[in-house]
Amino acid sequence: MTSYRTPPQIAEQLGIATSKVLAWIARGELSAVNLAAATSTRPRWRISRDALETFLSSRQSRPKSVPTKVRRARMPNVKSYV
């Protein structure tokens, strides 16, 4: 059975505000299940461990490929006539 956690629990685990977790849910970045009754106006979100792992792995930094240095062509010897 998959364990589910609440937004405040996730926020505490990550060391962020609960509003940030709720914003991720609202934007669709973090998958969550609403367990509130259909007539309720206040959602009761629950986040599965798998959804949290997927979300966190999608936000991990990835090393950028290092571009090779492009060398500028040297200027040919230019004589100065002053």
Side-chain angles (χ1 to χ4, degrees):
M1 174 110 186
T2 303
S3 63
Y4 288 86
R5 303 187 69 191
T6 62
Q9 290 172 331
I10 299 295
E12 184 179 340
Q13 176 186 348
L14 298 176
I16 58 173
T18 303
S19 60
K20 187 70 169 176
V21 176
L22 293 173
W24 291 335
I25 293 170
R27 287 193 305 262
E29 294 179 36
L30 177 60
S31 298
V33 177
N34 185 3
L35 299 180
T39 57
S40 175
T41 58
R42 185 174 180 192
R44 295 177 56 206
W45 297 112
R46 298 298 181 267
I47 299 110
S48 71
R49 182 177 304 205
D50 294 337
L52 181 60
E53 287 178 9
T54 302
F55 171 75
L56 292 176
S57 67
S58 72
R59 294 179 65 94
Q60 285 183 347
S61 63
R62 289 168 180 52
K64 294 182 179 179
S65 61
V66 179
T68 57
K69 289 186 177 181
V70 178
R71 301 185 98 190
R72 295 183 356 190
R74 290 185 175 213
M75 296 288 293
N77 291 339
V78 178
K79 293 184 179 179
S80 177
Y81 299 97
V82 183

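Along the sequence shown, the residues carry numbers beginning at 1.
By the side-chain hydrogen bond (donor to acceptor under 3.5 Å, both in side chains) test, Thr6 pairs with Gln9, sequence neighbours left out. Scored by the side chain to side chain contact (heavy atoms under 4.5 Å, CB included) test, Thr18 finds Pro7, Pro8, Ala11, Leu22 as partners (sequence neighbours excluded). Contacts of Glu12 classified as side-chain hydrogen bond (donor to acceptor under 3.5 Å, both in side chains), with partners at least two apart in sequence or in another chain: none. Among residues two or more places apart in sequence or in another chain, the side chain to side chain contact (heavy atoms under 4.5 Å, CB included) test is passed with Leu14 by Ile10, Ile16, Trp24, Leu56.
Annotation: salt bridge (charged side-chain N to carboxylate O under 4.0 Å, His left out) contacts involving residues 37-58, sequence neighbours excluded, are absent. Within the structure, salt bridge (charged side-chain N to carboxylate O under 4.0 Å, His left out) pairs that include any residue of residues 28-37 comprise Arg27-Glu29, Glu29-Arg59 (at least two apart or interchain).
Considering every non-hydrogen atom in both Ser31 and Ile47, the closest pair reads O-CG2, 3.8 Å.
Here the side chains of Trp45 and Asn34 are in contact, with some heavy-atom distance below 4.5 Å.
A single hydrophobic cluster is not seen to contain both Tyr4 and Leu30; linkage of ILVMFWY side chains at heavy-atom distances under 4.5 Å, directly or through other members, places them apart.
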